[in-house]
Amino acid sequence: MDENEYDFRRLEAKWAPVWESERPFDVSDEPDDRPHKYILDMFPYPSGDLHMGHAEVYALGDVLARYWRLRGHRVLHPIGWDSFGLPAENAAIKRGVNPRDWTYDNIAQQRASMKRYAASFDWSRVLHTSDPEYYRWNQWLFLELYNKGLAYRKDSWVNWDPVDQTVLANEQVLPDGTSDRSGAMVVKKKLTQWYFRITEYADRLLDDLDRLEATWPAKVLTMQRNWIGRSQGAEVIFTVDGTDRTIPVFTTRPDTLFGATFMVVAPDSDLASELVSTADPMVRQEFAAYLEEVQKKTEIERQDATRPKTGVFLGHSATNPINGESVPIWTSDYVLADYGSGAIMAVPAHDQRDLDFALKFGLPVRVVVDVPSDEPLDPASSGVAATGDGPHINSGELNGLLKSDAIATAIEMVEASGHGSIKTTYRLRDWLISRQRYWGTPIPIIHGSDGELIPVSLDDLPVELPATEGLDLRPKGSSPLGGAEEWVTVADPRDGSPARRDPDTMDTFVDSSWYFLRFLSAHDDTQAFDPEKVRAWAPVDQYVGGVEHAILHLLYARFITKVLFDLGHLDFDEPFNALLNQGMVILDGAKMSKSKGNIVFFGEELDKFGVDAVRLTMAFAGPPEDDIDWADVSVTGSHKFLARAWRVACDVSSDVGVEPASGSAALRRVTHKLLADVSGLVEAYKFNVVVARLMDLVNNVRKEIDSGAGGADPAVREASEVVALTLSMFAPHVAEDMWEILGHERFVGLQTFPPADQSLLVEDTIVAIVQINGKVKERLEVEPGISEADLTALAMDAVARSLEGKTVRTTIVRAPKLVNIVTAG
RNA sequence: GCGGGUGUGGUGAAAUUGGUAGACACGCAGGAUUUAGGUUCCUGUGCUUCGGCGUGUGGGUUCGAGUCCCUCCACCCGCACCA
């Protein structure tokens with residue numbers, strides 16, 4: 001190997017061991033005066049080696065971490081593994097390996113790849129969520145929620161695979177309604193599961209999004225707002241005729257109460273079965289058949305709004321509290337059991353779904369809002385519901401009122417008679433956290449023989465997973481942990497009688513909802529996190545990760561943070577001050593996938609072009625939020641640029657510390673303009689522009705060396721040092737080597753940017769443009785301080801020929817940059 | 001259907017507050033060095049009938065619009081019977 005040739009393999013082999021032994025980016029617990037920054041990349045799931053998506057997120061996250069160090073901040077940039085989860089278990093079943101071995105083998109591989117990738121992580125704080133040292137505190141968190149009444153059990157309808165005998169996530173149900181594992185038609189089954197009461201936080205989760213407006217992507221804010229789906233309206237209470245059973249309904253349009261001509265109840269609700277139990281045998285039979293049909297439908301089929309309405313009459317009627325009218329009660333699957341009260345008042349004239357149903361089953365349609373339109377058409381004959389505003393008719397005291405007044409008046413009316421009130425409803429459901437899986441955090445609850453739920457004492461945590469030996473991990477409808485007889489059987493803490501552990505494990509999103517706090521006290525075995533460290537570092541200043549977590553992970557982490565705030569463990573209630581969602585790395589316009597065979601492998605790219613070239617390409621490809629099509633970018637180009645930058649450092653022949661003032665003013669201006677602009681650019685995530693400016697600076701140094709004063713020019717040294725510093729954000733090996741070649745002590749990543757010299761930023765001359773009627777005609781070199789009058793005179797002179805025979809009407813002057821001459825006619 | 005976003009050269013993309021459109025690259029063409037190729041260095045490269053024309057379409061505001069407003073078109077993403 002020639003030391004005078006740029007060779008990325010040599011540089012990687014040279015520097016990786018140095019960083020490995022010196023650990024320049026570990027953050028100690030010693031106090032430090034520098035301002036703090038907590039930069040966090042979403043931690044990976046260990047499902048094999050790293051892929052190009054990881055290459056992007058860890059390249060971009062490292063740009064930000066390294067940037068803040070260069071700005072003189074103390075930066076915490078930790079990494080860990082989200083290592084519980086289903087793929088480990090699937091691999092275990094399929095290949096007969098131990099899920100633990102599979103997981104930790106993959107972690108070892110990813111860890112080696114990450115080190116090779118040279119991200120500036122603090123390797124002293126690594127955590128794995130599948131370590132008992134971590135999930136112990138996950139269990140502590142569960143108990144904190146349980147004690148606060150935020151973790152509870154309830155019956156619910158879940159996706160059930162009748163062949164594999166297991167619960168499936170919605171994502172595991174294919175569009176045709178079959179299981180992605182067994183191919184069997186998925187059905188609904190009612191099971192008792194653990195939930196976290198996230199709905200209690202719906203308002204705060206929604207309202208606090210306003211505080212993130214400037215620092216989170218608009219897309220994520222919108223998605224979360226839609227997901228929470230706050231809807232304001234009223235609850236109105238109907239009464240089943242001949243009984244004192246009441247049915248509350250939620251409506252956003254209480255003003256249309258006079259137009260309610262029937263009610264609809266969700267077929268899978270308790271109310272429907274209760275009502276039908278006292279109906280004719282004929283009705284009962286029809287209902288039973290309908291319910292069976294509905295339950296055969298998948299969630300996907302059911303959500304198809306274009307499907308014709310179906311339903312049956314429930315054999316009862318109810319009284320509308322606003323006008324005492326009796327209306328029939330039907331059931332239909334367009335009403336959902338778990339939204340609102342699972343029952344609605346149907347106003348077919350003013351709601352399309354109700355109208356579709358009414359027309360199908362011949363139910364009456366009564367117009368109560370006179371919606372002005374070009375072609376007034378009766379909804380019953382047009383088939384189009386009138387959803388607009390207008391004066392109310394056929395509505396007693398509401399007649400003549402417009403929507404907003406009518407809503408207020410209607411609510412007053414039902415409130416006065418004790419039949420309703422203002423009400424807010426949410427789309428957000430409570431978070432189902434039970435999983436009938438092995439590879440997760442055991443739920444720290446003991447079931448007494450009397451059915452009592454007994455939380456495991458904090459002293460007995462962690463409840464460790466039993467060994468897999470002798471366990472049947474195959475899906476069978478209940479958790480494999482239930483088969484670990486010795487593990488599951490415990491003495492009831494109350495009286496020593498036989499009791500059983502809860503056999504379920506927690507959703508792995510629980511693990512990741514607070515991991516950013518654990519990094520602050522990764523090895524503390526006395527508490528989940530140290531409040532002192534939390535005060536020093538949290539919340540996270542900058543979070544980096546994919547948009548696929550826009551709802552789930554980010555919503556859960558926000559929820560858990562608010563819970564911990566309420567419990568007094570934190571003094572902030574939003575976990576991530578700023579969020580960057582990087583795009584995907586795709587190939588030939590499509591997402592990479594094994595089946596399509598369009599995969600670029602992380603390791604192969606590093607072998608071919610080197611770590612620095614791949615990282616630089618990630619930053620230079622375009623705005624970080626956009627997808628990178630690997631076919632459209634040039635890693636070779638990045639490699640060539642890095643070699644060019646490295647050679648520039650080799651050509652510097654002045655001494656360390658040489659006074660730059662005597663150097664080329666033109667080159668110094670380019671150098672200092674970059675220094676002046678780099679902060680704004682990085683903080684606006686314009687990494688691609690920083691790289692472009694860096695290339696420009698290198699081109700300028702090259703020119704100065706080759707055709708200017710040469711490598712001895714002090715400005716060349718100054719520029720090369722700024723190149724090394726700036727480049728360290730993108731290409732750590734090249735930057736570190738340049739720094740050494742330039743005669744400095746390592747590490748370049750621990751230096752700070754010199755301040756930009758403002759006096760150097762002023763141009764000697766600038767180009768003013770002369771326009772006629774807004775079109776550019778001439779360019780003039782002028783002094784920056786030129787007066788408006790002088791500039792105008794110069795401009796007039798420059799375009800005199802074009803102005804011949806024309807009358808100048810007015811002149812717009814923006815000295816020193818622009819003159820626009822407006823002519824008449 | 002509802003909500004959010006994006007449209008700029010052959011390609012990836014730049015463009016403070018409205019003020020030189022296409023920075024920086026890739027690709028391509030030509031040249032120098034070397035010469036087997038590659039590397040390195042230099043020059044050119046939006047279109048053009050050489051008048052001009054150009055930021056998806058059509059309009060508007062303005063002395064001036066990629067940027068602001070309206071219309072339409074295309075594509076991407078999210079949600080989708082949520083009462």
Side-chain angles (χ1 to χ4, degrees), chain A residues 5-6 217-227 229-231 233 249-254 256 260 263-264 266 300 302-307 309 332-336 338-347 350-354 356-357 425-429 547-548 550-551 583 617 620-623 625-638 640-641 643-644 647 677 680-681 684 686 688-699 702-703 706-707 766-779 809-814 817-823:
Chain A
E5 285 279 309
Y6 173 76
K219 183 181 177 176
V220 174
L221 297 175
T222 305
M223 283 169 71
Q224 292 217 357
R225 288 188 179 110
N226 291 342
W227 185 263
R230 183 161 62 196
S231 179
V249 301
F250 175 73
T251 177
T252 53
R253 294 292 304 274
T256 62
M263 295 184 78
V264 187
I300 288 103
R302 176 165 175 158
Q303 283 171 0
D304 177 9
T306 61
R307 190 164 56 87
K309 293 284 179 286
S332 172
D333 64 0
Y334 81 89
V335 173
L336 310 175
D338 57 356
Y339 183 76
S341 62
I344 63 157
M345 65 171 201
V347 184
H350 306 293
D351 181 284
Q352 192 59 48
R353 295 154 302 181
D354 296 345
D356 294 342
F357 192 84
T425 314
Y426 305 86
R427 272 185 35 148
L428 182 69
R429 305 296 148 80
V547 74
E548 65 272 18
I551 309 271
T617 302
F620 186 54
E625 301 86 351
D626 291 358
D627 289 348
I628 299 173
D629 193 327
W630 209 244
D632 289 335
V633 296
S634 171
V635 196
T636 316
S638 297
K640 284 186 191 173
F641 164 69
R644 194 172 156 84
R647 285 195 305 268
D677 293 346
L681 290 170
K686 295 185 175 188
N688 55 330
V689 181
V690 176
V691 176
R693 296 284 300 275
L694 202 45
M695 289 172 167
D696 195 42
L697 179 57
V698 169
N699 289 343
R702 183 81 260 156
K703 210 163 280 175
D706 290 348
S707 45
I766 71 160
V767 176
I769 58 159
V770 185
Q771 299 176 325
I772 294 179
N773 298 327
K775 303 231 189 276
V776 179
K777 293 292 172 192
E778 288 293 337
R779 291 171 171 80
R809 199 194 324 183
T810 180
T811 310
I812 310 289
V813 187
R814 294 285 179 272
K817 290 175 72 176
L818 172 137
V819 178
N820 186 14
I821 300 158
V822 185
T823 62

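Quick note on labels: first sequence line is chain A, next is B, and so on, each numbered from 1. The figures that follow rest on heavy atoms only: side chains count, while hydrogens, waters and symmetry mates do not.
In this structure, the CZ atom of A/R429 is 13 Å from the C1' atom of B/C79, given to the nearest Å. Atom CE in A/M695 sits about 14 Å away from atom P in B/A14, given to the nearest Å. A/D626 places its CG atom 13 Å from the C1' atom of B/C77, with the value rounded to the nearest Å. In this structure, the NZ atom of A/K817 is 11 Å from the C1' atom of B/G18, given to the nearest Å. In this structure, A/N773 atom CG and B/A65 atom C1' are separated by 16 Å, rounded to whole Å. Taking atom CZ of residue A/R693 and atom C1' of nucleotide B/A15, one finds them 12 Å apart after rounding to whole Å. With rounding to whole Å, A/D627 atom CG is found 18 Å from B/C75 atom P. Going from atom CZ of A/R427 over to atom C1' of B/C79 covers 6 Å, rounded to whole Å.
No hydrogens or angles considered: a donor-acceptor pair under 3.5 Å links the side chains of A/R644 and A/N699.
In a base pair of the Watson-Crick type (N1 to N3 plus N6-O4 or O6-N4) or a G-U wobble (N1-O2 and O6-N3), with each distance short of 3.5 Å, B/A83 is matched with no nucleotide. B/A21 is unpaired under the criterion used here, namely a Watson-Crick or G-U wobble arrangement in which both key atom distances are under 3.5 Å. Searching all strands for a Watson-Crick or G-U wobble partner of B/U55 with both distances below 3.5 Å returns nothing. Searching all strands for a Watson-Crick or G-U wobble partner of B/A14 with both distances below 3.5 Å returns nothing. Across all strands shown, B/C2 pairs with B/G78; the Watson-Crick or G-U wobble distances both stay below 3.5 Å. B/C28 is paired with B/G44 under the Watson-Crick or G-U wobble criterion, all donor-acceptor distances under 3.5 Å.
Using a 4.5 Å cut-off on side-chain heavy atoms (C-beta onward), A/V264 and A/K309 make no contact. The shortest side-chain heavy-atom distance between A/T256 and A/M345 falls under the 4.5 Å cut-off.
Atom CD1 of A/I772 and atom CG of A/N820 lie 9.0 Å apart (nearest 0.5 Å). For the atom pair A/M263 CE and A/I344 CD1, the distance stands at 8.5 Å (nearest 0.5 Å).
A close approach under 4.0 Å does not occur between any side-chain nitrogen or oxygen of A/R307 and OP1 or OP2 of B/A80.
Atom name C1', nucleotides B/A80 and B/U61: the rounded distance is 38 Å, in whole Å. Across the P atoms, B/C26 and B/U40 are found 10 Å apart, a figure rounded to whole Å. B/G60 and B/G18 have their C1' atoms separated by 15 Å, given to the nearest Å. Nucleotides B/G66 and B/G58 are separated by 14 Å at their P atoms, to the nearest Å. Using C1' as the reference atom, B/A15 and B/G46 are 16 Å apart when rounded to the nearest Å. Taking atom C1' in both B/A13 and B/U6, one finds a spacing of 14 Å when rounded to whole Å. The same atom, C1', is picked in B/U20 and in B/C77; the two are 36 Å apart, to the nearest Å. B/U35 sits 41 Å from B/C50 when the C1' atoms are compared, rounded to a whole Å.
With B/A83, B/C53, B/A15 as the candidates, the nucleotide lying closest to the side chain of A/K775 is B/C53. Proximity note for A/R814 (side chain, C-beta onward) versus B/A23, B/C81, B/C63: the nearest is B/C63. Listed nucleotides B/G19, B/C42, B/A83 differ in distance to A/I344; the shortest reach to its side chain belongs to B/A83. Taking only side-chain atoms of A/N688, from C-beta outward, the nucleotide of B/A13, B/U39, B/C77 with the closest atom is B/A13. Candidate nucleotides B/G4, B/G19, B/G12 were compared by shortest atom distance to the side chain of A/T222, and B/G4 ranks first. Listed candidates were B/C24, B/C26, B/G3. Nearest to the side chain of A/N226 is B/G3. Checked against B/A14, B/G12, B/G64, the side chain of A/D632 finds its nearest nucleotide in B/G12. Considering only side-chain atoms of A/V633, the nucleotide from B/C63, B/U16, B/G12 that sits closest is B/G12. Distance from the side chain of A/Y334 is smallest to B/C81 among B/A13, B/C81, B/U20. Of the candidate nucleotides B/A25, B/C41, B/C63, B/A25 has the atom nearest to the side chain of A/F620.
A/A218 comes within contact range of no nucleotide atom at all, as no heavy-atom separation falls under 4.0 Å. Across all strands shown, A/R644 has heavy atoms under 4.0 Å from sugar-phosphate atoms exclusively, and none from any base. Heavy atoms of A/N699 sit under 4.0 angstrom from primed sugar atoms or phosphate atoms, though from no base atom. In this structure, A/V335 reaches the bases: a heavy-atom distance under 4.0 Å links it to at least one base atom across the strands shown. Across all strands shown, A/R230 has no heavy atoms under 4.0 Å from either base or sugar-phosphate atoms.
Test A/V633, A/T636, A/I628 against A/T617 for side chain to side chain contact (heavy atoms under 4.5 Å, CB included) and you get one pass: A/V633. Of the candidates A/M223, A/R225, A/K219, A/L221 forms a side chain to side chain contact (heavy atoms under 4.5 Å, CB included) with just one, namely A/R225.
No donor-acceptor contact under 3.5 Å links the side chain of A/Q352 to the base of B/G1.
Mapping A/K703 and A/V767 onto RNA chain B via the closest heavy atom, the residue that lands nearer the 5' end is A/V767. Remark on RNA chain B: of its neighbouring residues A/A692 and A/K309, the 5'-side contact belongs to A/A692, judged by nearest-heavy-atom nucleotide.
In textbook terms, a nucleotide whose glycosidic angle is within 90° of 0 is syn, while B/G59, being further out, is anti. Annotated as anti: B/G22, whose O4'-C1'-N torsion sits more than 90° from 0.
The backbone N or O of A/G583 lies less than 3.5 Å from no partner atom in the side chain of A/D626, so there is not a single donor-acceptor pair.
Counting heavy-atom neighbours within 6.0 Å of A/K817 NZ, excluding the residue itself, gives a total of 12 or less.
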